[in-house]
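Just so it is clear: chains get the letters A, B, ... in the order the sequence lines come, proteins before strands, and each one is counted from 1.
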2 protein chains.
Amino acid sequence: MATIKDVAERVGVSVTTVSRVLNNRGYLSENLKRRVYEAMRELNYQPNELARSLFRKKSNIIGLIIPDISHPFFGEIARYVEYYAYKNKYKILLCNSQLNRSKEQEYLNMLKASQVDGIIMGSHTLDTKEFTKIDLPLVTLDRQLSESIPYVSADHYKGGVLAAKLLIRKGCRKIAHISGNLKLHLLAKTRYDGFMDTVIREKIPHVVVETDLNGFKYDQYGKIVENLFRDHPDIDGVFASSDVIAAQVLKECRRLGKEVPKDVKVVGFDGIKLGEYITPGLTTIRQPIKEIAKTSVQLLIDQINGKEVQRENILPVKLVEKETT
Amino acid sequence: MATIKDVAERVGVSVTTVSRVLNNRGYLSENLKRRVYEAMRELNYQPNELARSLFRKKSNIIGLIIPDISHPFFGEIARYVEYYAYKNKYKILLCNSQLNRSKEQEYLNMLKASQVDGIIMGSHTLDTKEFTKIDLPLVTLDRQLSESIPYVSADHYKGGVLAAKLLIRKGCRKIAHISGNLKLHLLAKTRYDGFMDTVIREKIPHVVVETDLNGFKYDQYGKIVENLFRDHPDIDGVFASSDVIAAQVLKECRRLGKEVPKDVKVVGFDGIKLGEYITPGLTTIRQPIKEIAKTSVQLLIDQINGKEVQRENILPVKLVEKETT
DNA sequence: AACCATATGTCAAGCGGTTAATATATGTGT
DNA sequence: ACACATATATTAACCGCTTGACATATGGTT
């Protein structure tokens, strides 16, 4: 690969001059610029970003840690994170933690060693201590981690309320909520709270299944739903904690001969494309995925630029009614 | 951030010595190693990978260019690419081209400037010339680009054959194939060939819709399917070029009052998780996504290490029969 | 006493850039 | 004639780390 020295030699100037053209500083004649750019093109030259980053102490790379890029929610998140990062001249280093503690830790170290300018965390199984040790601009996304780290998420509480209210309004007499891990995942807890506050206020019988599945073993949800309906055959409404799980519920309902929405009504959570692909169309609580991604990137870049940012960034959810309610 | 110099000072040795411990070269006493590692821990030191990469002329970064990470197929691909890259101590720089020519070109330049060790291309809208200009280890994935660049893909021809055969065996009398862009996408063409050779050999009436949709505008498929059934009401079998499109077909069938699989049988292509989430369960031609990713990574690393690699890497597909046939 | 493996040190150059300091030459307005 | 903006060059230091060359010291073999 051609270096700045090759360019300088070809033009017949010093590397300093070429560097000045590259960075557009000082006095530069049009003629000189033209000659330099021409030589760069001829040599197919690209400045070595490694060397630049080393000197500038800025890599223009953002680390993105998520549990699983193949999960549709994180796929859509990643798509928009990439979109907004690119717009701001940042690159994305992709890290899939698979919710594996040691992999998450290794990735955290790796990102630091790679001199990323900041990290967006959509996964965390580690203690807060590990994050403060990293000492890098940080934003958590769809996760609430500690008192000090800014986070971006949808309004899960409101989501729980909306889902419960809808099911009640549609005439459900006994509602199940399939929740995430309530201890580990603070946002799952607030969603649960929204749901509970509502069903209790309205005096609607309800049952909560806390799936302790640490991860994305979707095939196991069939069993969970089966048991749920076995123990509570009178359930006529289900609020699932994600659209993917809601899809599993629909599948299981069909297998058990329960018609949706006649016998059982189902509300999902996320608002991913999947909800549009399946039949019947899934009623869901839509998270503003694009805005979550946008805000996360913006908050991170603000931190990188030394600005103070707001800790709590909760974006509105929206009920999207389709055919399962 | 602590540097190697800080570590050296704390231990009371020279940076050369610390570097030697870091890289495990020359004679090193256990005692020295212990002291150095201890100081590193105390200072929370991580070697600066930028500096190392610059010196070594090796970044251990692989660029991954795909059209859209939120498309389930590429999401699953990316998940496994990341998995195998990580296993081999490589990091992934994620690039979403959105099938946008200029973004793809910019990313290509950016990756080169970033000194990635190689590129996996799952997207290409550019001419071969642009790629040869890059002069970097390269593998195309699910794409066939030129005579010289190694590619990894599923056996699309066989896929076309299997799908057609299945639909015929199930008694379909008129089969539609919704294909991709046959000029742009050589693999879509071979899949089409497999389909055509089979229906022609078996003398089955057929119709092909070539969707010129350059991208992933799925909502538009509803219209396409509607028109298809309007023009050919007697179609009783559909082979879609992806599972996502198959899902749209199912949705449209339902809207038009056509029962699947009774009135119309549907076969998808890809074998992504989506096929399991939807009801009825989608019959599809499964691409070995994990193996495609694994082979791509391996082929790229082999090239990085200066090995000669095979140009053509075609992996077997498998018919997965569910409820839509 | 000579030799060698072991263990550690110093020095300096190099990876590919950026930048500050300083020098020099030309044209231009006053 | 002087000041000043414009345009370019040279030199050297620096970013953080690696490496080769070379020096030195210790302990064990032969």
(request) May I ask you to check if A:Lys91 and A:Tyr86 form a cation-pi contact, with NZ or CZ under 6.0 angstrom from the six-membered ring centre and within 45° of the axis? (result) no
(request) Between protein and nucleotides 6-17 of chain C, map the contacts as a letter string: B base, S sugar-phosphate only, - none, heavy atoms under 4.0 Å, written 5' to 3'. (result) BBBSBB--BBBB
(request) For A:Glu76, check side chain to side chain donor-acceptor pair (under 3.5 Å) against everything at least two apart and list the hits. (result) none
(request) Output the distance between atom CG (B:Leu141) and atom CG (B:Leu64), rounded to the nearest 0.5 Å. (result) 7.5 Å
(request) Using chain A heavy atoms and a threshold of under 4.0 Å, write down where along DNA chain D the contacts begin and end, 5' to 3'. (result) D:dA5 to D:dG16
(request) Write out all pairs satisfying ring-ring contact (aromatic ring centres under 6.0 Å, His included) with one or both partners inside residues 134-154 of chain B, taking only residues at least two apart or from two chains. (result) none
(message) Suppose we screen for side chain to side chain donor-acceptor pair (under 3.5 Å). Which residues come up paired with A:Tyr80, at least two apart in sequence or across chains?
(response) none
(request) Hey, could you give me the CG/OG1 distance between B:Leu300 and B:Thr295, rounded to the nearest 0.5 Å? (result) 12.5 Å
(message) Distance check, rounded to the nearest 0.5 Å: B:Glu9 atom CD versus B:Thr3 atom OG1?
(response) 7.5 Å
(request) Mind checking the CZ-CD1 spacing from A:Arg143 to A:Ile65? Nearest 0.5 Å is all I need. (result) 12.0 Å
(message) I'd like to know if the side chain of A:Glu104 pairs up with that of A:Ser123 as donor and acceptor (distance under 3.5 Å, no hydrogens or angles considered).
(response) yes
(request) For DNA chain D, find the residues of residues 108-116 of chain A with a heavy-atom distance under 4.0 Å and give them by number; none if there aren't any. (result) none
(request) Look up atom CD1 in B:Ile292 and atom CD1 in B:Ile120, then write down how far apart they are to the nearest 0.5 Å. (result) 12.0 Å
